[in-house]
Number of protein chains: 2
Amino acid sequence: MATRPVTDTTPQAPAAPNPSFSPLYQQIKDLITRGLQGGEWKPGELIPSESELARRFGVSQGTVRKAVDELAAEGLLLRRQGRGTFVSTHHEERVKFRFLRLVPDGEGMAPQPMERQFLECKRVRATHEVARALGVKPGDGLTQVRRLLLLQGRPVVYEEIYLAGAAFRALTAERLESYRGPLYALFESEFSTRMVRAEERLRAVNATPQEAQWLQVDPGQALLLVERVSFSYSDRAVEFRRGLYNTQHHHYRNELS
Amino acid sequence: MATRPVTDTTPQAPAAPNPSFSPLYQQIKDLITRGLQGGEWKPGELIPSESELARRFGVSQGTVRKAVDELAAEGLLLRRQGRGTFVSTHHEERVKFRFLRLVPDGEGMAPQPMERQFLECKRVRATHEVARALGVKPGDGLTQVRRLLLLQGRPVVYEEIYLAGAAFRALTAERLESYRGPLYALFESEFSTRMVRAEERLRAVNATPQEAQWLQVDPGQALLLVERVSFSYSDRAVEFRRGLYNTQHHHYRNELS
DNA sequence: GAGTGGTCTAGACCACTCC
DNA sequence: GAGTGGTCTAGACCACTCA
């Protein structure tokens with residue numbers, strides 16, 4: 001890793017107006033992000049202290065602080081006073097439901113001990129729709145996973161998951177079955193792929209006979225269709241997910257601000 | 001407005017460990033929020049400069065900066081380099097679709113020139129469900145608005161809106177009809193109520209015959225039910241909204257991070 | 001007690017907007 | 001050119017964690 005920010009002048013030296021001006025802290029952000037992406041610091045690990053990073057990058061601690069602040073706000077890092085700054089991970093309890101926004105209707109925010117039932121894991125070719133979402137060519141190879149999420153033995157979510165990237169060739173039904181913990185934690189630990197953010201599109205649809213059977217509802221029953229594209233570092237689209245939620249006793253929770 | 005932060009010691013003076021410790025910038029945030037809430041600075045207006053606020057509150061500019069930064073991140077203020085800091089408003093183009101997350105299916109982010117059709121505006125008594133959402137007593141008086149949103153002449157959204165607070169007694173169908181611009185902008189300008197954040201619960205439901213008629217779809221058609229509670233300053237619940245979205249050619253867009 | 005992040009200050013200079 | 005927010009620095013002290 002470089003020991004100097006990407007700039008021609010020392011920080012204090014007066015510089016001519018720069019048309020492609022990029023603040024120092026932004027460059028530090030990029031350097032840290034590169035370290036995360038390259039695996040220098042792995043999810044769950046402690047990164048160097050602010051003063052250490054300031055020394056390493058040749059900037060003041062305040063500048064490192066601003067960079068780390070923003071990365072923490074974006075969810076890539078996690079600051080803990082007195083302990084240090086950690087790389088975010090899907091293994092933490094705190095963030096397990098950051099991506100699954102479905103919660104039981106009762107007011108009590110009961111954490112949901114969801115059971116999982118994997119139906120299938122195979123290699124498929126990308127359809128036009130999935131290819132567009134993932135930014136690959138139609139016909140390219142993808143890994144597909146189909147599964148159910150159940151609450152108290154009753155199916156609540158049916159999902160089809162499409163994964164891009166050669167790494168996921170190695171994913172097997174056996175590995176999915178045996179793994180305890182969130183899917184994204186598995187991807188992180190064994191496929192070096194951390195999901196950083198996602199975009200979702202929601203629709204209400206009437207259950208087809210097939211879908212009705214999977215979710216044990218009547219055909220025509222209204223279901224919440226959730227299409228998600230998940231991105232890893234550097235906005236690389238990695239996963240496309242098509243989920244059908246039975247919202248008779250659950251709802252999708254969202255906050256606007 | 002106070003000219004000193006709420007603290008017994010001068011900022012530099014060493015203080016005994018404080019069990020109910022609150023950082024200075026947090027106190028400044030509260031003071032600014034109180035100014036917004038009390039109408040000292042109205043939506044769209046310019047607030048004093050950082051150095052002016054620092055002088056007024058007797059703290060350093062850096063402390064004011066941190067307070068304003070957070071208020072801007074929360075959407076209450078809007079910073080514009082070279083011009084100053086403004087109170088956020090629903091009148092701005094930029095934030096018009098911050099609360100309505102429904103967008104047309106086409107990739108092109110075509111701004112939607114939605115027509116509105118007000119069906120009714122009357123005083124009603126709060127049902128248990130609405131009372132709980134708004135934190136009022138069942139049976140309390142509320143103002144109810146029912147309306148349709150249309151795109152190219154076709155209804156896409158049916159909404160029932162419940163407004164708490166004596167101010168909204170004065171709301172009339174005529175005023176709604178004649179007002180150009182978002183509903184929240186009207187509330188801001190004429191009812192001194194700025195919506196700051198909202199919580200939504202989404203479900204898929206089958207259209208009742210009545211609902212099907214409003215939205216010109218077949219009975220049983222899957223619709224997206226969006227229940228929203230909107231909050232003004234100090235987390236005061238002001239509005240409950242029950243919306244039915246036809247998602248055949250639109251979808252609800254959400255970002256996770 | 002040592003080390004970490006969190007707060008606060010003071011001062012400098014830069015980029016942007018408007019007169 | 002004056003005024004605003006934006007960046008950057010240097011140094012001090014505080015709150016928290018852990019050994």
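Predicted, not measured: the structure shown is a model, and the values here were computed from it. Quick note on labels: first sequence line is chain A, next is B, and so on, each numbered from 1.
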Quickly work out the [X] [atom1] to [N] [atom2] distance and round it to whole Å.
{"X": "B/L77", "N": "D/dT4", "atom1": "CG", "atom2": "P", "value": "16 Å"}
{"X": "A/E52", "N": "C/dG5", "atom1": "CD", "atom2": "P", "value": "11 Å"}
{"X": "A/Q27", "N": "D/dT7", "atom1": "CD", "atom2": "P", "value": "12 Å"}
{"X": "B/R55", "N": "D/dG3", "atom1": "CZ", "atom2": "C1'", "value": "12 Å"}
{"X": "A/D69", "N": "D/dC8", "atom1": "CG", "atom2": "C1'", "value": "15 Å"}
{"X": "B/Q61", "N": "C/dA10", "atom1": "CD", "atom2": "C1'", "value": "10 Å"}
{"X": "B/L24", "N": "C/dT9", "atom1": "CG", "atom2": "P", "value": "6 Å"}
{"X": "B/Y25", "N": "D/dA15", "atom1": "OH", "atom2": "C1'", "value": "13 Å"}

Please say whether more than 12 non-hydrogen atoms of neighbouring residues, nucleotides or ligands are located less than 6.0 Å from CD in B/E255.
-> yes

With a cut-off of 6.0 Å (strictly less than), are more than 12 heavy atoms of other residues, nucleotides or ligands near CZ of B/R175?
-> yes

Earlier contact from the 5' end, DNA chain D, for B/R65 and A/S60 | B/R65

B/Y179 and B/E190 side chains, donor-acceptor separation under 3.5 Å = no

If one requires at least 3 consecutive Watson-Crick or G-U pairs with distances under 3.5 Å, the stems of DNA chain C turn out to be C:1-18 with D:1-18

May I ask you to say whether A/R80 pairs ionically with A/E92, meaning some side-chain N is under 4.0 Å from a carboxylate O?
-> no

Are A/R147 and A/E159 ion-paired here, with the side-chain N under 4.0 Å from a carboxylate O?
-> yes

Parallel, tilted or perpendicular: rings of A/F191 and A/F168 (30°, 60°) | parallel

OP1 or OP2 of [N] under 4.0 Å from side-chain N/O of [X]:
{"X": "A/S49", "N": "C/dG3", "value": "no"}
{"X": "A/K66", "N": "D/dT7", "value": "yes"}
{"X": "A/T63", "N": "D/dT7", "value": "no"}

Would you give the length of the straight line joining atom CZ of A/F231 to atom CG of A/L134, rounded to the nearest 0.5 angstrom?
-> 8.5 Å

dist A/L149:CG -> A/L100:CG (nearest 0.5 Å) comes out at 7.0 Å

Distances for protein N/O vs nucleotides 16-19 of chain C N/O pairs under 3.5 angstrom?
| unit_1 | atom_1 | unit_2 | atom_2 | d |
| --- | --- | --- | --- | --- |
| C/dC16 | O4' | B/Q81 | OE1 | 2.9 |
| C/dC18 | OP1 | B/R83 | NE | 3.2 |

Counting any heavy atom closer than 4.0 Å, what does B/R80 reach on the DNA or RNA strands: base, sugar-phosphate only, or nothing?
-> sugar-phosphate

How far apart are the closest heavy atoms of A/S22 and A/Q27, and which atoms are they?
-> O-NE2, 3.0 Å

